[in-house]
Asks: 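After the structure tokens below, expect a handful of questions from me.
Please read all numbers here as calculations on a predicted model, not as lab measurements.
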Amino acid sequence: MASVSLREIYKKYAGGVIAVSDFNIEIKDKEFIILVGPSGCGKSTTLRMIAGLEEISEGELYIGDKLVNDIAPKDRDIAMVFQNYALYPHMTVFENMAFGLKLRKVPKDEISRKVEEAARILDISHLLSRKPKALSGGQRQRVALGRAIVREPQVFLLDEPLSNLDAKLRAQMRTEISKLHQKLGTTFIYVTHDQTEAMTMGDRIVVMKDGFVQQVDTPQNLYTSPVNQFVAGFMGSPQMNFVDAYLRKIDGKYTVEFGSEDTKTTRGVKYYVEIPESKITDNELTLAELVDKEIVLGVRPEDIHDEQMFLSAASTGVIETDVIITEMMGAETYLYLECEGIPLTARVDPRSTARPQDKITVAIDPNKIHIFDKETEKTVIN
């Protein structure tokens, strides 16, 4: 098994197009790393550079202690699983899984042992004599995984392997791949654009945008402590709410103000959220610089509440909204709201009685707010 090290990696194409810029990461042995980001962010290009299918323009790539920039893909001791499975249609499942071993002149009895063991792990032993056209999408994906397993590589590379499957099968295969990683104890590098896959599977996640790494962290830290507005909006479903607002300091207390001017209120503005002391301590200097400036308030849907108990206790962050759409999800309900033209999404209890065209009052939990610099989009407070 092996660690993987990418040091100041760049990918430049003719015409000055830079697909990946200054990519740095140390991937530990047996770690499950996920590269995630929107289409065109450079995640698949990075994976293909690790595989040797794309040439590295600048930087150094190590697998274990070995510099592999100029080493052919077949000699890198990696195995890649593609989005479209890439199975040979004229071969049986057994032959597909055994093909790479045959090329390496592995003895027949050893090939049989390895293929049967991989088939047993993936629960496809009963499919070994079938051809790919007689298999479902999930079964084909297992065969593609099996073909990678039999090679016993140091590193597994998986490029959006579940994107062609239906929702139920995707959820099932996510669990299967996580189990497989634990069973094999190999380094996994997995590319996806689906942040749910990233959150549920990875030890660490690399969030990419426009060829740059935005943040590398555990799923929980990415969710609770994003470094900028892009990461905050990308991780989590439904995504974080963003509200253009102003930062004020009144009577020594920092507050976030938004909504129309309102002469009936003592503040002269309709809505405000007071920032708790616990969030100010480490960020006092940055906050002081932003007083009376535009900022962006970030609130996760689960931190907007419509329960009477929460509303009664709230002294700040109480707002009036119009219900536009409700989505019943079974275990929860999503409310799509509008507050003075500001769209908001709330994730509430399924027993909520809110219906489209209702006017309801909701409260923002001040202990869970995020604040971003309007100009740089960097996080000020998590």
Side-chain angles (χ1 to χ4, degrees), residues 4 25 27-39 41 43-44 46-47 79-83 85 121-123 136-142 144-146 148-149 155-209 213-227 230-240 298 300-303 327 329-334 345 347 350 368 370 382:
V4 179
I25 189 171
I27 301 169
K28 297 191 283 286
D29 182 25
K30 300 179 184 175
E31 195 171 12
F32 198 135
I33 282 280
I34 306 248
L35 306 184
V36 70
S39 297
C41 71
K43 55 191 186 296
S44 288
T46 303
L47 196 76
M80 191 154 178
V81 179
F82 296 92
Q83 179 180 346
Y85 321 132
I121 289 170
L122 294 164
D123 195 23
S136 69
Q139 289 168 333
R140 287 180 201 178
Q141 193 52 273
R142 284 168 194 262
L145 285 166
I149 290 169
V155 182
F156 272 86
L157 306 177
L158 300 99
D159 191 6
E160 305 218 24
L162 308 183
S163 57
N164 290 340
L165 305 181
D166 63 57
K168 187 178 177 185
L169 203 49
R170 281 179 84 145
Q172 186 185 330
M173 284 300 292
R174 281 205 305 265
T175 311
E176 294 297 327
I177 290 174
S178 295
K179 280 188 199 165
L180 188 62
H181 173 250
Q182 290 169 10
K183 203 174 284 186
L184 298 176
T186 312
T187 308
F188 273 46
I189 306 174
Y190 186 109
V191 160
T192 181
H193 62 271
D194 183 332
Q195 51 86 23
T196 306
E197 270 177 39
M199 291 287 286
T200 52
M201 296 169 75
D203 295 326
R204 282 191 300 157
I205 300 172
V206 181
V207 183
M208 296 183 70
K209 179 193 177 192
V213 173
Q214 303 293 305
Q215 187 171 357
V216 183
D217 218 325
T218 62
Q220 189 59 37
N221 283 348
L222 282 176
Y223 193 76
T224 57
S225 306
V227 296
F230 173 78
V231 175
F234 195 81
M235 305 308 292
S237 178
Q239 78 159 44
M240 184 183 282
R300 295 260 178 222
E302 61 269 28
D303 299 322
E327 282 184 355
M329 306 299 288
E332 58 199 3
T333 293
Y334 297 161
T345 306
R347 176 189 267 152
K368 300 288 180 67
H370 303 258
N382 275 319

Asks: Residues two or more places apart in sequence or in another chain: which of them pass side-chain contact (heavy atoms from CB on, under 4.5 Å) with Gln220?
Replies: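 So Gln220 forms a side-chain contact (heavy atoms from CB on, under 4.5 Å) with Thr218, Thr224.
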Asks: Who passes side chain to side chain donor-acceptor pair (under 3.5 Å) against Asn382, sequence neighbours left out?
Replies: His370
Asks: Taking all non-hydrogen atoms of both residues into account, name the closest pair between Met80 and Leu47 and its distance.
Replies: CE-CD2, 3.7 Å
Asks: Taking only residues two or more places apart in sequence, or in another chain, which ones meet Asp194 in a side-chain contact (heavy atoms from CB on, under 4.5 Å)?
Replies: Arg170, Thr192, Thr196, Glu197
Asks: According to side chain to side chain donor-acceptor pair (under 3.5 Å), who are the partners of Thr175, at least two apart in sequence or on a separate chain?
Replies: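 Result, side chain to side chain donor-acceptor pair (under 3.5 Å) vs Thr175: none returned.
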Asks: Of the non-hydrogen atoms in Leu122 and Arg142, which two are nearest, and what is the gap between them?
Replies: O-NH1, 2.9 Å
Asks: Who pairs with Ser225 by side chain to side chain donor-acceptor pair (under 3.5 Å), at least two apart in sequence or on another chain?
Replies: none
Asks: Tell me, do Tyr223 and Ile205 make a side-chain contact under 4.5 Å, heavy atoms counted?
Replies: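 Side-chain contact under 4.5 Å: no.
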Asks: Any ring pair (Phe, Tyr, Trp, His ring centres under 6.0 Å) pairs touching residues 159-178, not counting sequence neighbours?
Replies: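 Residue pairs with at least one partner in residues 159-178: there are none.
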Asks: Could I get the full list of side-chain contact (heavy atoms from CB on, under 4.5 Å) partners for Ala232, not counting sequence neighbours?
Replies: Pro226, Met240, Phe242, Phe372
Asks: Considering residues at least two apart in sequence or located in another chain, which fulfil the side-chain contact (heavy atoms from CB on, under 4.5 Å) criterion with Pro238?
Replies: Pro301, Tyr334, Thr345, Arg347
Asks: Name the residue from Leu35, Ile27, Thr46 that meets the side-chain contact (heavy atoms from CB on, under 4.5 Å) definition with Val206.
Replies: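 The option that passes is Leu35.
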Asks: When rounded to the nearest 0.5 angstrom, what is the spacing between OG1 in Thr187 and CZ in Phe32?
Replies: 11.0 Å
Asks: Kindly compute the distance separating CD1 (Ile25) from CD (Glu31), expressed to the nearest 0.5 Å.
Replies: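 One gets 7.0 Å once the value is rounded to the nearest 0.5 Å.
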Asks: Using the test side chain to side chain donor-acceptor pair (under 3.5 Å), find all partners of His181 that sit at least two apart in sequence or belong to another chain.
Replies: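 Once residues adjacent in sequence are excluded, His181 has no partner under the side chain to side chain donor-acceptor pair (under 3.5 Å) criterion.
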Asks: Which residues pass the ring pair (Phe, Tyr, Trp, His ring centres under 6.0 Å) test with Tyr85, not counting sequence neighbours?
Replies: none
Asks: What pair of heavy atoms forms the shortest contact from Met208 to Gln214, and how long is it?
Replies: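 Looking at all heavy atoms of both residues, the shortest contact is C-CG, 4.2 Å.
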Asks: Tell me whether Glu332 contacts the main-chain N or O of Met329 through its side chain, where contact means a donor paired with an acceptor under 3.5 Å.
Replies: no
